[in-house]
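Inspection log for the structure reproduced underneath, given as structure tokens.
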Amino acid sequence: MPNPFKALRASLSMLMENVRMSVTNIAQNRLRSALTVLGILIGVTAVIALITTVSAVSNSITSSFASMGAGTLNLSVTGSDLKTGLSAEDLEALASLDCVDGVTPSVTLRARVSRGGEYETNISVAGRNPYWFTVNEDAVTRGRALNVLDMEGMNFVCLIDQDMIDTFFYGEDPLSKTLYLSGLSFTVAGTYDADSDSSVTGMMSGTPDILIPYTTALKLNSTNEVTSLTLYLAAGWDSASATEVLESTLDQMFSYEEDCYEIVTMDSLESTMESMTSMMAALLGGIASIALLVGGIGIMNMMLTSVTERTTEIGLKKALGAKPRQIQAQFLIESFILSVSGGIIGTLIGIAVSFGLCRAMGAGFTVSKGAIALGVGFSAAVGIIFGWAPARKASRLNPIDALRRM
Amino acid sequence: MRFERKPALSPTSPGSGNPFFSMVGIRKSYPLGDESLEVLHGISLTLEKGEYLSVLGPSGSGKSTLMNIIGCLDTATSGEYILNGQRIEDMDEDDLAHLRNREIGFIFPNSELLPRLDALRNVELPLIYAGVTGRERTRRAKDMLARVGLTERMHHYPGQLSGGQQQRVAIARALVTHPTLLLADEPTGALDQKTGRQVMELFQQLNDEGNTIIMITHDTKIARRARRTVYIVDGEISESEGGVDDA
């Protein structure tokens with residue numbers, strides 16, 4: 001019995017020999033090897049570029065979400081048969097809770113806006129309360145914010161953004177002028193910067209062109225109940241403990257009926273967001289891995305051709321004492337080397353492409369070790385899986401048949 | 001007489017110890033449609049260490065089939081084959097590969113060197129499969145190339161060598177594992193007369209040094225170089241020319 005050290009040394013030496021033979025063969029068929037490697041390279045590049053880019057973009061989205069939504073909760077109400085939403089009194093009750101600093105109801109509608117002969121349809125209009133203007137203190141650029149009296153009186157006043165100024169008040173001062181929203185005359189109380197809304201709901205629902213009192217908006221929607229709002233937590237409260245307090249208040253409001261509302265914390269929103277982007281990454285990666293599959297088939301094709309061409313060599317090696325698994329190892333190593341070299345180059349190019357894309361999109365770029373492992377691991381797997389059948393074919397060649405071709 | 005037609009009279013009967021080389025009643029048939037075609041009809045052959053035997057026969061006589069069985073590339077359908085004390089029947093592919101590596105040194109008509117490896121690496125090839133590593137392997141391969149007079153050419157590729165030099169590299173490759181048996185298949189088949197003669201002289205020297213050689217050929221002149229010749233005709237073997245004798 002040979003000692004284990006010697007056996008290990010022999011198999012290491014065998015491996016080195018196989019690597020050496022494979023490299024010789026690959027170098028001999030330079031063009032063919034290069035084209036085969038290219039197949040894998042393109043596949044890996046696509047997978048790495050897509051996955052890295054998607055994860056970089058989703059990271060930057062989530063982190064901006066987190067900074068935006070710090071200290072807020074979103075409440076969305078589905079209501080019961082008895083109570084379909086929250087009234088102005090309910091909002092005040094919620095705003096007066098210790099854990100709540102203030103609430104901003106979200107009421108949106110689409111309107112046909114006209115002035116003189118000009119008109120535009122399907123303009124996004126949002127109802128706001130005074131608290132919104134305290135949170136977004138830089139929103140008003142000219143004129144005044146909406147106030148308590150506007151709310152109580154359901155005043156027909158509005159704030160408009162730059163788009164509306166350009167459309168309806170080109171070269172004019174819009175303040176105190178009249179604008180028609182779905183045929184109703186509104187007085188322009190001020191102008192606002194559409195990009196100033198830093199809330200999550202603001203971002204999710206897009207930025208409206210026109211702001212009106214939320215009570216007016218409710219009236220235009222023929223309702224007096226709010227179904228979606230953002231709660232700003234008072235200092236010192238975290239979302240978990242605030243959620244508890246809110247739930248007990250809301251349960252009472254809805255007479256303890258179930259499933260009337262949902263409190264969406266940043267945490268849950270973030271995890272939804274993450275699962276969405278990871279699904280996106282998986283989907284795109286899946287599509288890209290079709291390219292990798294095609295690359296794998298390319299390797300298989302080349303290896304099968306190679307086995308046929310080298311039948312005599314295989315027969316000779318068998319005659320000289322090569323065991324089937326040694327022949328198999330040689331061909332597997334060859335396809336492994338081809339595939340992994342494609343994988344390594346593809347990973348590098350993929351990272352470079354992703355870096356470029358992230359720069360172009362303004363997303364923060366980080367190289368994940370996972371992506372590198374994925375690229376190299378994937379290509380190694382492809383090399384072994386698609387090299388298996390040709391290697392097996394080579395190992396099973398009958399040495400007599402193989403030598404007869406000489 | 002070393003050749004026995006009838007298995008019963010074989011000197012390799014039980015009790016005679018493990019013979020060096022013995023074939024008794026070797027038959028080989030191949031499936032041919034529903035039937036089977038028998039190519040070898042009970043070959044018996046005994047060889048002693050240090051012998052130099054040529055197997056002479058026309059093409060289609062079963063010569064190649066016999067060579068494959070002797071070379072452990074194939075196994076017989078029935079019969080007993082013992083090489084260096086080891087019974088060849090019922091061996092699996094790995095055992096056969098091991099046996100070929102240790103016991104047989106093949107020499108093919110066209111040298112069959114790997115074109116991408118230089119002479120030295122070609123000679124090292126059987127040692128790789130024998131698990132010989134590093135400097136030991138290189139040393140043995142160099143020694144063997146020196147033995148066939150090719151020290152100067154050890155880093156030449158087969159394409160840079162003449163036919164005779166290529167065949168000498170192949171002989172070095174066959175010898176490098178110190179096999180029990182040198183098995184040569186038409187070793188001069190692809191060589192001109194002069195080079196062929198040189199290779200035959202090398203064979204003679206190798207035999208003088210104690211190597212056992214079996215040479216398979218259809219060429220009477222070449223066969224005559226061996227000390228002993230057997231004839232194979234239609235899958236049967238005979239010590240004398242002109243057919244199978246009645247022992």
Side-chain angles (χ1 to χ4, degrees), chain A residues 1-30 33 306 309-330 333-334 392 394-406, chain B residues 28 30 64-69 71-75 92-118 121-138 157 170 173-174 176-177 179 183 185-186 189-190:
Chain A
M1 201 58 211
N3 72 56
F5 177 73
K6 207 172 168 187
L8 180 70
R9 212 189 125 180
S11 45
L12 267 180
S13 151
M14 194 68 225
L15 182 70
M16 285 315 295
E17 285 305 326
N18 273 327
V19 170
R20 207 167 150 186
M21 284 190 237
S22 301
V23 170
T24 314
N25 274 314
I26 290 168
Q28 203 70 29
N29 292 309
R30 227 163 265 149
S33 305
S306 178
E309 280 177 358
R310 282 148 68 188
T311 302
T312 312
E313 175 192 323
I314 296 162
L316 178 77
K317 284 181 171 171
K318 283 194 152 186
L320 296 181
K323 296 189 169 86
R325 68 185 140 83
Q326 289 171 324
I327 298 288
Q328 187 166 8
Q330 186 199 327
I333 286 170
E334 197 167 320
R392 188 157 176 76
S395 77
R396 293 183 129 190
L397 276 181
N398 183 343
I400 300 168
D401 293 338
L403 283 168
R404 196 169 290 156
R405 295 196 176 196
M406 317 192 298
Chain B
K28 180 69 182 177
Y30 294 103
S64 304
T65 308
L66 180 62
M67 191 203 87
N68 290 337
I69 293 174
C72 304
L73 288 165
D74 203 353
T75 49
D92 67 14
E93 243 190 295
D94 277 7
D95 290 336
L96 286 176
H98 184 77
L99 210 67
R100 290 195 291 269
N101 186 244
R102 297 299 156 94
E103 310 290 356
I104 314 279
F106 284 97
I107 296 159
F108 300 103
N110 290 311
S111 314
E112 289 306 327
L113 302 175
L114 293 184
R116 290 159 203 162
L117 304 182
D118 64 17
R121 297 259 296 135
N122 263 293
V123 176
E124 281 185 32
L125 206 53
L127 293 176
I128 291 174
Y129 296 119
V132 181
T133 56
R135 265 184 234 128
E136 163 76 1
R137 186 167 77 208
T138 313
Y157 286 84
R173 182 180 65 191
V176 77
T177 51
L183 183 58
D185 179 17
E186 304 282 5

I'd like to verify something: which residue of Glu124(B), Arg121(B), Arg137(B) has the highest number of heavy-atom pairs under 4.5 Å with chain A? Arg121(B)

Between the side chains of Ser306(A) and Arg310(A), is a donor N or O closer than 3.5 angstrom to an acceptor N or O? yes

Can you check whether Gln328(A)'s main-chain N or O pairs, donor with acceptor, with Arg392(A)'s side chain at less than 3.5 Å? no

Heavy-atom contact with chain B under 4.5 Å, split by part of Glu313(A): both

Side chain of Lys317(A), backbone of Pro126(B): donor and acceptor closer than 3.5 Å? no

Can you tell me how far apart CD (Gln330(A)) and CE (Met21(A)) are? Round to the nearest 0.5 Å. 5.0 Å

Examine whether an atom of Asp94(B) lies under 4.5 Å from a heavy atom of chain A, and if so say whether it belongs to the side chain, the backbone or both; otherwise answer neither. both

Highest number of heavy-atom pairs under 4.5 Å with chain B among Asn398(A), Asn25(A), Leu12(A) belongs to Asn25(A)

When rounded to the nearest 0.5 Å, the distance separating CG of Asp185(B) from CD1 of Ile107(B) is 10.5 Å

Name the region of Arg102(B), side chain, backbone, both or neither, that has any atom closer than 4.5 Å to a heavy atom of chain A. neither

